[in-house]
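What follows is a single structure, written as structure tokens, with notes after it.
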Amino acid sequence: MRTEEVLAAIATGLWRWDNAAGTVTLDAEAARLLGLPPEPGSYRESAVRSRFHPVDWNEIYGVVNLAVAEGSLAEARLRIVDERGQVLRTVRSRSKPVFRTDEDADSEAYVLYGTLQEVAEPQPGATDAAHTPITGDWRRSREAFLLDAGRALAEARSTAEVLRVAGSLSMPGFSPDGLAVFGSAGERLTIIGHHGHSMGDEEPFTDMPLDTDYPAAEVVRTGRAIYLPSPEEYRRRYPATWPLARRFGRQSWAFLPLVSSGRTMGAWMAGFQHPVGFSPDERAVLSTVARMLAQALARAGVAETERELSLGLQRSMMPTLGPEIPGMTVAARYVPTGGGLQVGGDWYDMIPLPNGRIALVIGDVQGHDVRAAGLMGQLRIALRAYASEGHRPDAVLARASRFLSGLTDAYESVEGDTEPPAPRFATCLYAEVDPEAGTLDIARAGHPDPVVISADGTAVIRQTAGGLPLGIETDSDYPTTRVVLEPGETIMLCTDGLIETGGHDMATGWTRLRPVLEKPVEDLEQLADALVQAVHGPTSHYTTGPLADRREDDIAVLVLRRESAPAPEAAPRRSVLTIAQAEPERISVGRQLVRELLHDWSDPEQVDSAVLMVSEMATNVLVHTDGDALMVAEISGGQGERRLRVEVADASDELPHKRRPGEMASSGRGLVLMEMLADAWGVDPRGEGKSIWFELYESDEPGIS
């Protein structure tokens, strides 16, 4: 007897559904069950589809798609109707999708092989849960749940938040009591997060090889869901890892792949304290949640990566203040425009100069985007380099303008499309501060003028000479203006974002800020806060202000005050000596001067170290350069806490390099000795030549520095 005859005897027919060709092949029994002529034949998809109840067709369509995604069987109950829409019978369909492998087939093309079997209608009052059709109320609850779940997962902005939302989901009729999200790192299974477990429960699963006989590992390997409706099924299929799951006392488990952009990124486990049969509708809900969870985790991962990059960029480029300025107080604020990137085109800087002075810089690169931030970072480094070489303010800005002009040209050549980006410019104010004299030599490149606040509280815009913004021309002049701060006076430098925010121009913006500037405050930090609050509300940090969603422009503010009553300090002890090329014997004079300068130093070993380092530095100048050496030695501070600083300067631009001399070498030990003996040392390039220096700090206890 043929298979078709055996199946027909039990009212079971065979069908073959080719989704790519849009045809359905039926044997005689399948055709009869569908209300078609009881003979084998091939039909158009539309002819067969018309035989299913419309509601049931939507149901079977979703079940088949789920089976295609999971590679599992598609099972459903379907009502068969005639041409007038009257129900003829109810059939049970079981089918398996098989992807086509022929060369011309689409990657998504599949053939559905299955059976149709007539089933008896349930009697009134029957409660066969396995065969009772899904009610409309359950469908509506499911749809509402999926809508709420999708909305909540879409709003999650971090992995922790996604896991919290997943743990709070209450699925209609079969909510899990425990969840776990697995990821993969190389060939290892990892735990991303879990819910409904105690601390430490995840330990056995945190670093599991992917070839382990464990459901989550198999899901990650194959990309197919695994449903375990009972402990017996779990134990039968995964005997090696069943002891790990048994201790949680659950009755059913679902392991589903987390697929994003066609890649299986992990697995999701839902565990149930009560038995779950995992009907097609329940699997459909779980599969939909898994897809939404994968997308939410992928979005959160991208967002966290972007935040980490943004924070790294912020940390590396965020303006900071340098060391304290003797006799002066300085405070600063930086408030970015807002959004994900917390750096922009504005910046401030404080740069120690080779001559012992301090440079204050404030500037604004055109734009608020990533490119503006990148240009700002490069321009800031260039300014620090030019300043550290000892150039005057006008020369620093002239060099920076040429640098920025070349930098924007390079951007054009790299990005050069049919419409290359317009060159960027930057405004900048550079001030060289002499703390002892209270003077600021200011050069300005298209930047707002500073404001000077007198000791009695009067705020006045201090007009200074200026030139074009940086980057406009490669050969611009930047005249210098000297501003003298009297004791108790304050100078405020800012970018135009502080002035023009809120629809103000320069005139009305200054009018708005003047009452804030003239309000008496003892602490400069309070003044800096008050200036930002006048524009954007309260600040929350000493460096960055509040991160609101909308900003019109970045803000940078620098305020400097010359103290009216500086703390008394002991007069420094100082010696200066020139050692000419033709007089190498004066090196011994330099050694003697240092010994006399340190006659009451508490640690004799430090005195010997200082003499040795001076000898090495001066000898190095005479041997490796053609010029003279200038030695300056100075002691400052109180007894027992003094600092010795010795500088040896020459006119050569060639910087010394530290070497590791051999045992018999006659040179190369100078920098090695300084590294061993000095508390601090360095080499500073200057406008003409360089200076090598070291410092020793006095201690009350000999031998300790």
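In this chain, numbering begins with 1 at the start of the sequence shown.
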Donor-acceptor side-chain pairing of Asp650 and Thr625 below 3.5 angstrom: no

Nearest-0.5 Å distance that lies between atom CD in Glu675 and atom CZ in Phe694: 15.0 Å

Thr427 versus Asp364, side-chain donor and acceptor atoms under 3.5 Å: no

For Ile358 against Leu353, the heavy-atom pair lying closest together: C-CD1, 4.1 Å

Distance, nearest 0.5 Å, that separates CD1 of Ile491 from CZ of Arg562: 13.0 Å

Beyond-backbone contact of Ile579 with Glu583, side-chain heavy atoms, under 4.5 angstrom: no

Test item: Val396 and Glu432 side chains (from C-beta on) under 4.5 Å apart, heavy atoms: no

Residues Thr481, Arg462; criterion side-chain contact (heavy atoms from CB on, under 4.5 Å); working and verdict: CA-CA 10 Å; Thr481 302; Arg462 179 66 163 85; 4.2 Å; yes

N-O pairing of Arg333 and Glu525 below 4.0 Å: yes

Side chain to side chain contact (heavy atoms under 4.5 Å, CB included) partner of Ser401, the single match among Thr474, Leu470, Leu468: Leu470

Point-to-point distance, once rounded to the nearest 0.5 Å, from CD1 of Ile587 to CD of Gln592: 14.5 Å

Audit row: Ser652, Lys690, side-chain contact (heavy atoms from CB on, under 4.5 Å) steps and yes/no: CA-CA 6 Å; Ser652 172; Lys690 64 180 180 296; 3.7 Å; yes

Ion pair check, Arg586 and Asp628, cut-off under 4.0 Å: no

Glu605 backbone acceptor or donor facing Ser609 side chain under 3.5 Å: yes

Exercise: do Tyr697 and Glu695 side chains pair donor with acceptor under 3.5 Å: yes

Test log, rule side-chain hydrogen bond (donor to acceptor under 3.5 Å, both in side chains), inputs Thr464 and Asp449: CA-CA 6 Å; Thr464 57; Asp449 280 305; 2.7 Å; yes

Check: Ala426 main-chain N/O paired with His447 side-chain donor or acceptor under 3.5 Å: no

Value rounded to 0.5 Å, distance of CG in Leu524 from CD in Gln526: 9.5 Å

Enclosure of Gln581 CD (heavy-atom neighbours >12, cutoff 6.0 Å): yes

Evaluation steps, salt bridge (Lys or Arg N to Asp or Glu O under 4.0 Å), between Arg595 and Asp608: CA-CA 8 Å; Arg595 284 198 179 274; Asp608 293 337; 3.2 Å; yes

Flag, side chain of Asp496 to backbone of Ile499, donor-acceptor distance under 3.5 Å: no

Within 6.0 Å of CD in Glu585, more than 12 heavy atoms from elsewhere: yes

Over 12 foreign heavy atoms within 6.0 Å of CG, Asp626: no

Audit row: Arg444, Leu429, side-chain contact (heavy atoms from CB on, under 4.5 Å) steps and yes/no: CA-CA 4 Å; Arg444 195 168 53 83; Leu429 187 150; 4.0 Å; yes

Nearest heavy-atom neighbours spanning Ala528 and Val559: CB-CG2, 4.5 Å

From Arg643 atom CZ to Glu698 atom CD, the distance as rounded to the nearest 0.5 Å: 13.0 Å

Atom pair CD/CE of Glu647 and Met617 - distance to nearest 0.5 Å: 9.0 Å

4.5 Å side-chain heavy-atom contact, Gln606 and Leu644: no

4.5 Å side-chain heavy-atom contact, Tyr348 and Thr495: no

Glu489 (side chain) donor-acceptor with Glu486 (main chain) under 3.5 angstrom: yes

